[in-house]
There are 2 protein chains.
Amino acid sequence: MENLIKVLKNGSCKITPQRIAVYNALKDSPTHPNAEAVYNKLAPTYPTISLATVYKSLELFEELGLIQVINVGENSFRYDFIATSHPHLICTKCQKVEDLFEDSFSELASVVEEKTNYKISKQQLSFYGVCPSCSGA
Amino acid sequence: MENLIKVLKNGSCKITPQRIAVYNALKDSPTHPNAEAVYNKLAPTYPTISLATVYKSLELFEELGLIQVINVGENSFRYDFIATSHPHLICTKCQKVEDLFEDSFSELASVVEEKTNYKISKQQLSFYGVCPSCSGA
DNA sequence: GTACTTGCAAATATTTTGCAGTTAC
DNA sequence: GTAACTGCAAAATATTTGCAAGTAC
């Protein structure tokens with residue numbers, strides 16, 4: 001059974017075509033779209049879907065732990081399909097947002113906990129710079 | 001000579017009471033206020049100052065490298081007086097945003113550069129959790 | 001005096017909300 | 001059948017912009 005279906009059932013949430021569509025749109029988008037981009041991607045296939053529904057679905061998915069909301073300093077939020085917390089790379093020229101997989105960063109939270117007595121539940125690491133293709137051009 | 005004055009002169013920008021006020025408001029706020037909070041703080045003393053001016057001043061200060069814009073996932077930006085990039089701690093209960101000074105994090109950028117071929121110019125690290133006073137209560 | 005800056009108001013952008021109608025179960 | 005969900009429109013919130021009046025130099 002698909003992960004989304006399982007998690008929705010678990011949370012006593014209805015399985016609707018809209019939610020499946022939003023979920024798949026995110027899954028197929030390596031670009032970490034914002035809500036409007038998701039909406040635009042779906043609009044041709046689902047002419048009656050509304051932006052509000054996209055927002056509501058994304059909010060639900062975050063509560064269920066299916067996706068991660070990231071904010072890289074634009075004035076809109078981006079949504080990331082991968083639920084595990086990982087750093088992001090933002091190109092300051094072409095604005096693309098990439099994932100960064102670097103194991104050594106996962107231990108940062110415990111360093112912070114030790115130092116501050118906070119109970120850390122989530123972290124967001126963003127690195128801003130110029131990507132190889134932009135710096136090459 | 002005060003730092004603000006020096007930097008403004010350097011950038012051929014006028015030294016105005018409003019800019020000085022915004023700068024000092026930030027300097028005196030360990031809470032990393034957002035634009036509206038800065039405005040509210042100034043309003044009693046400067047009844048005619050406008051929110052637009054606060055925004056314009058903050059934008060200018062960022063361009064001049066005097067302050068840092070941070071975004072911890074709210075839908076407003078916060079502004080940080082300290083220009084050097086450092087991690088932030090956000091309490092998910094009381095919403096306060098603290099600075100974290102931890103030297104070992106400064107080398108992260110070079111790790112990322114090596115791994116990705118990005119030329120990193122800025123980083124934002126945010127750790128979310130429950131602060132000691134909230135978890136104690 | 002002039003170029004920069006301010007402050008107002010309007011515009012823009014993003015996200016949230018209320019509610020009537022619809023749908024999954 | 002009922003509670004949950006959708007879609008529309010309006011509201012709320014945050015930020016930007018245009019421009020006339022004001023101010024630093």
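Since this is a predicted model, take the numbers as computed values, not measurements. Side-chain atoms are counted along with the backbone in the values below, which use heavy atoms only and exclude waters and symmetry mates.
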Between C:dA3 atom C1' and B:I15 atom CD1, what is the distance in whole Å? 15 Å
Going through the checks in order, is the ring-ring contact (aromatic ring centres under 6.0 Å, His included) test met by A:F81 and A:Y23? CA-CA 8 Å; A:F81 177 72; A:Y23 185 78; 5.3 Å; yes
Which comes earlier along DNA chain D counting from the 5' end, the contact point of B:C13 or that of B:N34, where each point is its nearest nucleotide? B:N34
What is the distance, to the nearest angstrom, from the CG atom on A:N71 to the C1' atom on D:dA14? 13 Å
To the nearest Å, give me how far apart CD (A:E74) and P (C:dT15) are. 10 Å
Which part of the nucleic acid, if any, lies within contact of A:E59, taking any heavy atom under 4.0 Å across all strands shown: a base, the sugar-phosphate backbone alone, or nothing? nothing
Would you indicate what A:S76 reaches in the nucleic acid, counting non-hydrogen atoms under 4.0 angstrom: base, sugar-phosphate, or nothing? sugar-phosphate
D:dT16 phosphate, OP1 or OP2, under 4.0 Å from B:Y55 side-chain N/O: no
Proximity to the side chain of A:A35 - top-ranked nucleotide from C:dC8, D:dG7, C:dT15: C:dT15
To the nearest angstrom, how far is B:Y39 atom OH from D:dA14 atom P? 14 Å
Students should find that the hydrophobic cluster of A:L89, defined by side-chain heavy atoms under 4.5 Å apart, otherwise consists of A:L100, A:F105, A:L108, A:V111, A:V112, A:Y118, A:I120, A:L125, A:F127, B:L89, B:L100, B:F105, B:L108, B:V111, B:V112, B:Y118, B:I120, B:L125, B:F127
Could you check how far NZ of B:K56 sits from P of C:dG7, rounded to whole Å? 9 Å
Between B:Q18 and C:dT5, is there a contact of a side-chain N or O with OP1 or OP2 at under 4.0 Å? no
Parallel, tilted or perpendicular, judged at 30° and 60°: which one describes the rings of A:H86 and A:H32? tilted
Does B:R78 use its side chain to pair, donor to acceptor, with the backbone of B:T31 at less than 3.5 Å? yes
In whole Å, I'd like the distance from the CG atom of B:L64 to the P atom of C:dC4. 14 Å
It should be established whether B:T48 places a side-chain nitrogen or oxygen under 4.0 Å from OP1 or OP2 of nucleotide C:dG7. yes
About how many Å separate CG of B:L4 and CG of B:L66, when rounded to the nearest 0.5 Å? 6.0 Å
Nearest-Å distance for atom pair CD1/C1', residues A:I49 and C:dT23: 15 Å
Rounded to whole Å, the CG-P distance (B:L51 to D:dG18) equals 18 Å
So does A:T16 get a side-chain nitrogen or oxygen closer than 4.0 Å to the phosphate oxygens (OP1/OP2) of D:dT6? yes
Closest nucleotide among D:dA14, D:dT17, D:dT15 to the B:F77 side chain: D:dT15
Can you tell which of C:dT15, D:dG7, C:dG7 lies closest to the side chain of B:T53? C:dG7
According to a strict under-4.0 Å criterion, is A:R19 in side-chain N/O contact with OP1 or OP2 of C:dA24? no
Would you say that B:R19 contacts B:L60 through its side chain, given a criterion of any heavy-atom pair below 4.5 Å between the two side chains? yes
Looking only at side-chain atoms of A:K14, point me to the closest of D:dA3, D:dT15, C:dC4. D:dA3
Which nucleotide in C:dT5, D:dA9, C:dA24 has an atom nearest any side-chain atom of A:P17: C:dA24
